[in-house]
Amino acid sequence: MLPQRILARRLPQVAARHAIAPRATFSQVSALRATAEVEDPLQNGNYPNPPRVKRQFRDPHGGWWDAQEKRNFGEPVHEDNEILGVFSPEQYNHVSAGKGFAHLGIFVATFLSLVGVVSLYYPDKPSVPKTYEDGLEKELGGPNAVPARKAGEDKW
């Protein structure tokens, strides 16, 4: 009897609550759109973000307080310091891509021309072929074996 009374009192309250306020839809799409549109120019709590310059390109004789990292005392550090620091991989800018492909092409052409010249002047047989009496018929397996060169044969 007691559960029926509780249910009888609770049911109208629950029904009224759902009829008055519709349930909120929980969707991540609207939250993602809201974060994508808002751009915070002062991230990191107003910490100054210096220009993105690799330490590799700074003057090595600039009189830096820290000569290895090429930075002065109190100078703000960029948020990508691990990428821009001295111990990051060096950026290779000594040769452009076009010049590198030209060097590769010159190497391949030189190598192939050297191989061609050697193949023209390289002798086919470096020595006179050796001949055997009776063509080593017995040593190579008898009368049905492939014979070796006999003394009178000139064909290779």
Side-chain angles (χ1 to χ4, degrees), residues 17-156:
R17 190 178 325 142
H18 287 291
I20 295 171
R23 261 193 124 163
T25 58
F26 296 104
S27 174
Q28 294 178 357
V29 175
S30 60
L32 289 175
R33 284 186 192 149
T35 57
E37 292 173 5
V38 176
E39 187 175 328
D40 185 12
L42 299 174
Q43 297 172 354
N44 301 333
N46 295 334
Y47 183 80
N49 203 8
R52 186 180 172 95
V53 177
K54 279 188 77 95
R55 301 273 165 78
Q56 166 190 355
F57 300 123
R58 285 187 168 186
D59 182 22
H61 307 292
W64 305 104
W65 181 76
D66 183 4
Q68 183 174 5
E69 278 287 325
K70 297 178 189 167
R71 90 181 259 268
N72 289 323
F73 182 77
E75 181 181 355
V77 180
H78 195 275
E79 66 178 320
D80 294 332
N81 186 45
E82 66 275 357
I83 298 171
L84 301 173
V86 174
F87 297 110
S88 65
E90 282 196 28
Q91 189 172 353
Y92 188 79
N93 60 358
H94 305 293
V95 177
S96 65
K99 199 170 184 180
F101 283 123
H103 289 176
L104 183 64
I106 290 169
F107 169 74
V108 169
T110 305
F111 180 74
L112 291 179
S113 63
L114 178 67
V115 168
V117 167
V118 167
S119 69
L120 288 175
Y121 291 107
Y122 194 75
D124 288 339
K125 297 178 205 170
S127 63
V128 177
K130 193 171 183 179
T131 59
Y132 301 97
E133 291 182 26
D134 297 332
L136 294 175
E137 185 175 340
K138 183 179 173 188
E139 286 82 0
L140 288 177
N144 293 331
V146 178
R149 182 185 305 276
K150 294 186 179 178
E153 293 181 5
D154 289 334
K155 272 206 274 180
W156 178 249

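The first residue in the sequence is number 1, and the count goes up from there. Just so it is clear, the model here is predicted, and its values are computed rather than measured.
The ring-ring contact (aromatic ring centres under 6.0 Å, His included) check on Phe73 picks up Trp65, with sequence neighbours excluded. Take Tyr92 and apply the ring-ring contact (aromatic ring centres under 6.0 Å, His included) test, not counting sequence neighbours, and it matches His94. Under the rule for a side chain to side chain contact (heavy atoms under 4.5 Å, CB included), the partners of Gln91 that lie at least two apart in sequence or sit in another chain are Lys54, Gln56, Phe57. Not counting sequence neighbours, Asp66 has no partner by the salt bridge (charged side-chain N to carboxylate O under 4.0 Å, His left out) test. Applying the salt bridge (charged side-chain N to carboxylate O under 4.0 Å, His left out) rule to Arg71 yields no partners; only residues at least two apart in sequence or on another chain are considered. Partners of Phe87 by side chain to side chain contact (heavy atoms under 4.5 Å, CB included), not counting sequence neighbours, listed by chain and number: Gln68, Glu69.
Here the closest heavy-atom approach between residue Gly63 and residue Asn72 is recorded as O-OD1, 4.0 Å. Between Val53 and Leu84 the shortest heavy-atom distance is O-CB, 4.0 Å. Of all heavy-atom pairs spanning Pro76 and Pro50, the tightest one is O-CG, 3.5 Å.
Atom CG of Leu112 sits about 9.0 Å away from atom CZ of Phe107, to the nearest 0.5 Å.
Side-chain contact check for Asn81 versus Arg55: some heavy-atom pair is nearer than 4.5 Å. Side-chain atoms of Arg52 and Ile83, non-hydrogen and from C-beta on, do get closer than 4.5 Å to each other.
Sparse packing is recorded around CD of Glu90, with 12 or fewer heavy atoms of other residues, nucleotides or ligands lying under 6.0 Å away.
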